[in-house]
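So the structure is just underneath, and the comments pick up after that.
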Amino acid sequence: MKQLGLMKARDLFVAGCLVAFTAVSTLAQLTTNDWQLPGSGLWTNAASWSPGVPNSDTDVARFTADYAANFDATQDVNIVVNGIDFEDTGGGTDATLNIRPVGGAVLTFGGNAPFVNSRSTTGGGAGITFYSPVDVGAVGLTMNGWGTINLASTLTGSGTITLASGSMEVRGNNATTFTGEFIANSGSLELRGGNANAFGSTDKGITINGGRLRLRDLGAITINEPVIINGWNSSGSINNTASLGVNLAGAVTLNTSGCFSVTPWNSPIEPGRKMDTVFSGVISDDGNHRDNHFLLDAGSSANATGTLSRTSEFILSATNTWGGYTHITANRPADGSGEFTGTVRLTNGNDRLPVTSTVILGGITGGVGLVSCNGRLVLGGYNQELAGLVTWGSGSSNQVVGGSAALSTLTLNIAAGTTNAYAGILGGGRAYENNLALVLKGGGFLFLSGLNIYTGTTTVQAGTLAGTSSLAGALTVESDGTVAPGNGGIGTLSVASAILGGAFEVEINRNGGAPLADKLAVSGSLTIGGTLTVKNIGGILDLAVGDSFDVFDADSVGGSFDTVDLPPLSSGRAWNTARLNTDGIIAVVQTGTLIKFQ
């Protein structure tokens, strides 16, 4: 009864496939011809089939048995079929059906809605490899099942090849022979074997409707097909698996949020090497502000991918224009060798990321990444303007770095009313990674809380720079800019040197008689000017005579504040600012106290 149940399930699957690909009211009846051999045989041998040899566009060639090993159907003449249906019914090793030509014999798919099915009863990866040249004509071909279908030879035709499920590998040189489109509705459409022309001419390209385009075990190779992404895939709508230096030169269009991933793998050409994926074609969207994700889908250092795989990068060399957020992260928890970090590197010009995009480093969004993972942006000697920069999750290695002997400048144009919290690092420990400058403009709020070690300048043209961070370089606050150490809580912002020409905002709190104040700690020279605004977050009655607050320290101080705005005091008390312009100290005194200037 169990075997009968399997047979019924199998027959229902096949029948469903035939119905799906056949408009019954308008088509001729299909004839299913069953392979009679337990293994290899000659296609044109009458004894190989029942009821007959399939060789017309209404014939289906069906291979259904418990196959003990891989086997060949040798094609000694040109053959035409409407469909090929392969199922390994056994519970052991999943077999592969190899269709092999003799003397260049061609396998043509014809009739209405041609199809290929490949599967095993157990749900495994039984497959079909077409060593014969395949001609899909103008009608095209649809591939189904959960097995792997491998187009290992030349592909000819102008019709659409659709992957409905499973995996399809394309390997042949089809530059001048195939002019149709590839569509992945589900499953994995794979380029494997190193032939850059496997997808044919670039007229129609590749459409991803929920599956993925997988670039597997390739060397340095350029793929020129345009790619349209219509469906979300959190493991990567475009995925690089163990490929060295793949370059996607065709345009990529996001009609939904995009996800690009790199998966290091223990393959013959990748024993734990650095895997780079280059996008030299423009990545754009449909005008609906689509988000884009760059994911290091890394293996642990224990499974032979090694620590070099963690340095794999996405390299952007075109002026990209997608309109939403940019998320850079990884999806493996830290192991004994450290944390995992996804990396995007910019090259060949300024502003390779969209200037309207906010970059999110680390964490998880849309099912992409892990809370503990990190993101890294390498400017590479170029300048980049962004709408914002934030960190998500708990990773401790989020970074933006320079990475070149040429200075890189990161400009954050944060909109008024918008707050960005960045807990990562600006700068790094590798060669030239600290060769980075920061510009803030746009009227928004940037809160820094990491140990920043970049050595370039920090310029606040507009907006507010706040935080409890450190800046290894010089800080300049222009007339429309604001610096606010701490902010939202008492804290210190440390810098190498500073010029204050805009607003300087600090908060104070008597703290039960142990006064606290935000502080700008300057290890070198400080030039003051502009407006100092002090806010008491402890309440007007909290301040007492004798309380003093140190709002800046510096090795040397020049200039003076144009305007000083201090919080109100209760009756009988006044502010002593005699030491403000020299030592950064303000104190509460009793009204009428003689102030001694020093």
Side-chain angles (χ1 to χ4, degrees), residues 1-21 30-54 59-76 79 81-101 107 109 114-132 134 141-153 163-171 186-190 192 211 214 216 267:
M1 292 297 293
K2 183 177 180 181
Q3 182 65 27
L4 179 60
L6 287 174
M7 292 176 63
K8 287 182 177 179
R10 180 196 69 207
D11 292 342
L12 286 172
F13 180 91
V14 174
C17 291
L18 295 179
V19 169
F21 303 127
L30 297 179
T31 300
T32 299
N33 303 274
D34 288 297
W35 186 256
Q36 299 296 296
L37 306 180
S40 300
L42 192 64
W43 188 291
T44 54
N45 186 351
S48 300
W49 301 96
S50 177
V53 176
D59 279 338
V60 174
R62 183 164 65 179
F63 300 80
T64 305
D66 180 0
Y67 296 104
N70 299 342
F71 67 102
D72 297 346
T74 301
Q75 180 190 340
D76 53 341
I79 295 293
V81 293
N82 179 259
I84 294 179
D85 183 64
F86 171 58
E87 180 181 10
D88 185 350
T89 61
T93 301
D94 294 320
T96 295
L97 164 62
N98 301 308
I99 299 178
R100 297 186 182 274
L107 179 62
F109 287 88
F115 68 93
V116 174
N117 299 327
S118 177
R119 64 200 182 282
S120 68
T121 300
T122 60
I128 305 174
T129 297
F130 291 93
Y131 291 101
S132 295
V134 172
L141 184 65
T142 297
M143 302 192 180
N144 274 283
W146 45 83
T148 298
I149 298 167
N150 183 355
L151 299 175
S153 186
L163 177 64
S165 59
S167 176
M168 177 171 58
E169 296 180 3
V170 186
R171 295 178 178 247
S186 182
S188 182
L189 172 62
E190 302 190 5
R192 193 172 185 182
R214 189 182 191 192
R216 185 173 179 182
S267 73

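All residue numbers in this chain count up from 1 along the given sequence.
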_One pair to check against side-chain contact (heavy atoms from CB on, under 4.5 Å): Trp35 and Ser48. What are the steps and the verdict?_
CA-CA 6 Å; Trp35 186 256; Ser48 300; 3.7 Å; yes
task: Evaluate the criterion side-chain contact (heavy atoms from CB on, under 4.5 Å) for residue pair Leu151 and Met143; output intermediate values, then yes/no.
output: CA-CA 11 Å; Leu151 299 175; Met143 302 192 180; 4.0 Å; yes
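Inter-residue side-chain proximity for Tyr131 and Pro101 is flagged as met; some heavy-atom pair is nearer than 4.5 Å. Residues Asp88 and Phe63 form no side-chain contact, since every pair of their non-hydrogen atoms from C-beta on lies 4.5 Å or further apart. The shortest side-chain heavy-atom distance between Val170 and Leu189 falls under the 4.5 Å cut-off. Between Leu141 and Met168, every side-chain heavy-atom pair lies at or beyond the 4.5 Å cut-off. Thr142 has its side chain out of reach of Pro114: every pair of non-hydrogen atoms, C-beta onward, lies at least 4.5 Å apart.
Contact between Ala164 and Ser186 at its shortest, heavy atoms only, is O-CB, 3.2 Å. Across all non-hydrogen atoms, the minimal contact from Asn33 to Gly52 is OD1-O, 3.0 Å. Annotation for Asn70 and Thr96: closest pair OD1-N, 2.8 Å, computed over non-hydrogen atoms.
Annotation: side-chain hydrogen bond (donor to acceptor under 3.5 Å, both in side chains) contacts of Asp72 (sequence neighbours excluded): Asn98, Arg100. Taking the side-chain hydrogen bond (donor to acceptor under 3.5 Å, both in side chains) definition, one finds that Thr44 meets it with Asp76, sequence neighbours left out. Partners of Arg171 according to the salt bridge (Lys or Arg N to Asp or Glu O under 4.0 Å) rule, which considers only residues two or more places apart in sequence or in another chain, are Glu169. In this view, Tyr67 and Phe71, Phe86 satisfy the ring-ring contact (aromatic ring centres under 6.0 Å, His included) rule, not counting sequence neighbours. Taking the side-chain hydrogen bond (donor to acceptor under 3.5 Å, both in side chains) definition, one finds that Asn45 meets it with nothing, sequence neighbours left out. With sequence neighbours left out, the side chain to side chain contact (heavy atoms under 4.5 Å, CB included) criterion links Val81 to Trp43, Pro54, Ile79, Ile84, Leu107, Phe109. Residues passing the ring-ring contact (aromatic ring centres under 6.0 Å, His included) test with Phe130, sequence neighbours excluded: none.
The structure places CZ of Arg216 at 8.0 Å from OG of Ser188, a figure rounded to the nearest 0.5 Å. Taking CG of Asn82 as the reference point, atom OG1 of Thr32 lies at 9.5 Å (rounded to 0.5 Å). Rounding to the nearest 0.5 angstrom, the gap separating the CZ atom in Arg119 from the CD1 atom in Ile128 is 9.5 Å.
Ser118 places a side-chain N or O within 3.5 Å of a backbone atom of Ala126 that can act as its donor or acceptor partner. Side-chain atoms of Asn150 do not come within 3.5 Å of backbone N or O of Thr148 as any donor-acceptor pair. When atom types are taken as modelled, the side chain of Ser120 and the backbone of Thr89 share no donor-acceptor pair closer than 3.5 angstrom.
Residue pairs meeting the salt bridge (Lys or Arg N to Asp or Glu O under 4.0 Å) criterion with at least one partner in residues 35-44, sequence neighbours excluded, are absent.
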